[in-house]
Engineer: 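If you scroll down you'll find the structure; I have some questions about it.
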Amino acid sequence: MRAILVGFMGSGKTTVGELLADRLHLTHRDLDDVIVERAGKTIQQIFDDDGETAFRQLEHDVLADTLRHSEGILSTGGGTPIQTANYDLLRKSNVPVILLNVQPATVLARLADDGQRPLVKKLGADGLLGLKVQRDAKYHGVSDIEIDTDDLTPVEVVDAILAHVRFKSGSQGAV
């Protein structure tokens, strides 16, 4: 991995990850997509069939494998760094962990019509904002770099990342 993107739902991790990878001519992996590939079912189906605990264990296993065996840019799920084992993996990584920080009003605006996220459907607006508050300390604690995304386009977020992180070619990651 060259960079790992973390942040709450709606912060733009997948969109920014794809754009950053494209700009750097690298591959992009979305952790949720890798989980879906491995499980053979959607995130919602995993939550429905197996529960959040099973999902989080699968998420940890996939994260560990991806960090060991993949190159490029990784976009994590919103809950990935919240689990202690994942937090520790991310902190021990020699790859820059970049927080895409987003304010509560932006989260609500971006997720207003998103019915594909299990926690959005389950928690509603108030619960979602409470969850963000609970997770913020972990996001900040695991991150090497923080980018506030509220007033930036995805391309501007990529530009901000590139202003903070110098990427070099080869398999050594960012410096």
Side-chain angles (χ1 to χ4, degrees), residues 1-14 16-17 20 28-104 106-107 110-111 114 116-149 157 161 164-165 172-174:
M1 291 282 102
R2 304 292 179 87
I4 302 166
L5 303 178
V6 300
F8 197 68
M9 291 177 270
S11 62
K13 297 177 301 289
T14 299
V16 169
L20 180 62
H28 171 257
R29 299 293 292 179
D30 183 285
L31 193 63
D32 284 346
D33 290 345
V34 180
I35 291 167
V36 167
E37 290 169 17
R38 171 114 21 123
K41 51 186 164 180
T42 68
I43 301 293
Q44 184 66 56
Q45 288 172 320
I46 298 168
F47 269 76
D48 291 346
D49 296 347
D50 308 316
E52 185 173 359
T53 301
F55 170 79
R56 295 299 176 198
Q57 181 60 54
L58 179 59
E59 178 184 55
H60 173 73
D61 295 343
V62 170
L63 175 64
D65 288 348
T66 302
L67 290 176
R68 277 194 305 270
H69 302 295
S70 295
E71 282 294 319
I73 307 300
L74 176 65
S75 298
T76 62
T80 302
I82 307 313
Q83 310 307 312
T84 301
N86 294 343
Y87 184 93
D88 293 342
L89 277 176
L90 293 169
R91 286 303 309 150
K92 291 175 184 174
S93 171
N94 64 350
V95 176
V97 178
I98 302 164
L99 170 59
L100 302 185
N101 201 26
V102 63
Q103 294 301 311
T106 304
V107 169
R110 290 180 182 173
L111 298 181
D114 190 338
Q116 299 300 310
R117 298 171 194 254
L119 289 176
V120 172
K121 289 168 54 174
K122 179 180 174 183
L123 297 176
D126 290 341
L128 197 60
L129 295 182
L131 183 63
K132 182 184 181 325
V133 169
Q134 289 174 359
R135 291 179 173 185
D136 275 346
K138 289 279 191 170
Y139 293 143
H140 293 291
V142 77
S143 300
D144 301 305
I145 298 160
E146 297 184 18
I147 307 291
D148 292 326
T149 67
V157 174
I161 292 169
H164 285 86
V165 180
Q172 298 300 315

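When reading the values below, keep in mind they use all heavy atoms of this one structure, side chains included, and skip hydrogens, waters and symmetry mates.
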Engineer: How far apart are the closest heavy atoms of Ser143 and Val6, and which atoms are they?
Structural biologist: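 So the minimum-distance heavy-atom pair works out to OG-CG2, 3.6 Å.
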
Engineer: Going through the checks in order, is the side-chain contact (heavy atoms from CB on, under 4.5 Å) test met by Val62 and Glu37?
Structural biologist: CA-CA 10 Å; Val62 170; Glu37 290 169 17; over 6 Å; no

Engineer: I need the Asn86 CG to Arg56 CZ distance, nearest 0.5 Å.
Structural biologist: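 Between atom CG of Asn86 and atom CZ of Arg56 there are 8.5 Å.
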
Engineer: Do you know which two heavy atoms are closest between Val102 and Ser11, and how far apart they sit?
Structural biologist: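 Scanning both residues, the minimum pair turns out to be CG1-CB, 3.9 Å.
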
Engineer: For Ser75 and Gly17, which heavy atoms make the closest approach, and how far apart are they?
Structural biologist: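 Looking at all heavy atoms of both residues, the closest pair is OG-CA, 3.8 Å.
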
Engineer: With a 4.5 Å heavy-atom cut-off, do Ile161 and Leu5 have their side chains touching?
Structural biologist: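 Contact flag for Ile161/Leu5 side chains = yes.
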
Engineer: Mind checking the CD1-NE2 spacing from Ile98 to His164? Nearest 0.5 Å is all I need.
Structural biologist: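 Nearest 0.5 Å value for the CD1-NE2 distance: 9.5 Å.
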
Engineer: If only side-chain N and O atoms count, and only distance matters, is there a donor-acceptor pair under 3.5 Å linking Asp30 with Thr14?
Structural biologist: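 Result is yes, a qualifying pair exists.
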
Engineer: For Pro81 and Gly77, which heavy atoms make the closest approach, and how far apart are they?
Structural biologist: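 Where Pro81 meets Gly77 most closely, the heavy atoms are CD-O, 3.9 Å.
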
Engineer: Does the pair Arg91/Asp144 count as a salt bridge with the N-to-O cut at 4.0 Å?
Structural biologist: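 Yes, this pair counts.
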
Engineer: Looking at CG of Leu100 and CD1 of Ile145, how far apart are the two atoms once the value is rounded to the nearest 0.5 Å?
Structural biologist: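 If I round to the nearest 0.5 Å, the distance is 10.5 Å.
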
Engineer: Dump the intermediate steps for side-chain contact (heavy atoms from CB on, under 4.5 Å) on Val16 and Ile73, then the final yes or no.
Structural biologist: CA-CA 10 Å; Val16 169; Ile73 307 300; over 6 Å; no

Engineer: If you apply the rule side-chain contact (heavy atoms from CB on, under 4.5 Å), what do you find for Phe55 with Ile43, and how did you get there?
Structural biologist: CA-CA 8 Å; Phe55 170 79; Ile43 301 293; 3.3 Å; yes

Engineer: Show your working on side-chain contact (heavy atoms from CB on, under 4.5 Å) between Leu67 and Leu74 and close with a plain yes or no.
Structural biologist: CA-CA 9 Å; Leu67 290 176; Leu74 176 65; 4.2 Å; yes

Engineer: Check this for me: does any side-chain nitrogen of one of Arg38 and Asp61 sit under 4.0 Å from a carboxylate oxygen of the other?
Structural biologist: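 Between Asp61 and Arg38 there is no salt bridge, as every charged N stays at least 4.0 Å from the carboxylate O atoms.
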
Engineer: In Å and rounded to the nearest 0.5 Å, what is the CG to NE2 distance from Asp33 to His28?
Structural biologist: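 Between Asp33 CG and His28 NE2, I get 8.0 Å after rounding to 0.5 Å.
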
Engineer: Please determine whether a side-chain nitrogen of the Lys or Arg among Lys13 and Asp32 lies less than 4.0 Å from a carboxylate oxygen of the Asp or Glu.
Structural biologist: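 Result for this pair is no, no salt bridge flagged.
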
Engineer: Given Leu63, which of Ile4, Ile35, Leu31 fulfils the side chain to side chain contact (heavy atoms under 4.5 Å, CB included) condition?
Structural biologist: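 Of Ile4, Ile35, Leu31, side chain to side chain contact (heavy atoms under 4.5 Å, CB included) with Leu63 is met by Leu31 alone.
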
Engineer: Is the closest side-chain heavy-atom distance between Thr42 and Phe47 below 4.5 Å?
Structural biologist: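 A side-chain contact is absent here, since even the closest heavy-atom pair is not under 4.5 Å.
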
Engineer: Hey, is the main chain of Glu146 close enough, under 3.5 Å, to the side chain of Asn101 for a donor-acceptor pair?
Structural biologist: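 No.
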
Engineer: How many angstroms lie between CD1 in Ile46 and CD in Glu59, if you round to the nearest 0.5 Å?
Structural biologist: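 Result: 10.0 Å between the selected atoms.
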
Engineer: Quickly, which of Lys132, His140, Lys138, Gln134 forms a side chain to side chain donor-acceptor pair (under 3.5 Å) with Asp136? Name it, please.
Structural biologist: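 Single side chain to side chain donor-acceptor pair (under 3.5 Å) partner of Asp136 among Lys132, His140, Lys138, Gln134: Lys132.
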
Engineer: Please report the interatomic distance CG(Leu129) to CZ(Phe8), rounded to the nearest 0.5 Å.
Structural biologist: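 Answer for the CG-CZ pair, Leu129 versus Phe8, is 7.5 Å.
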
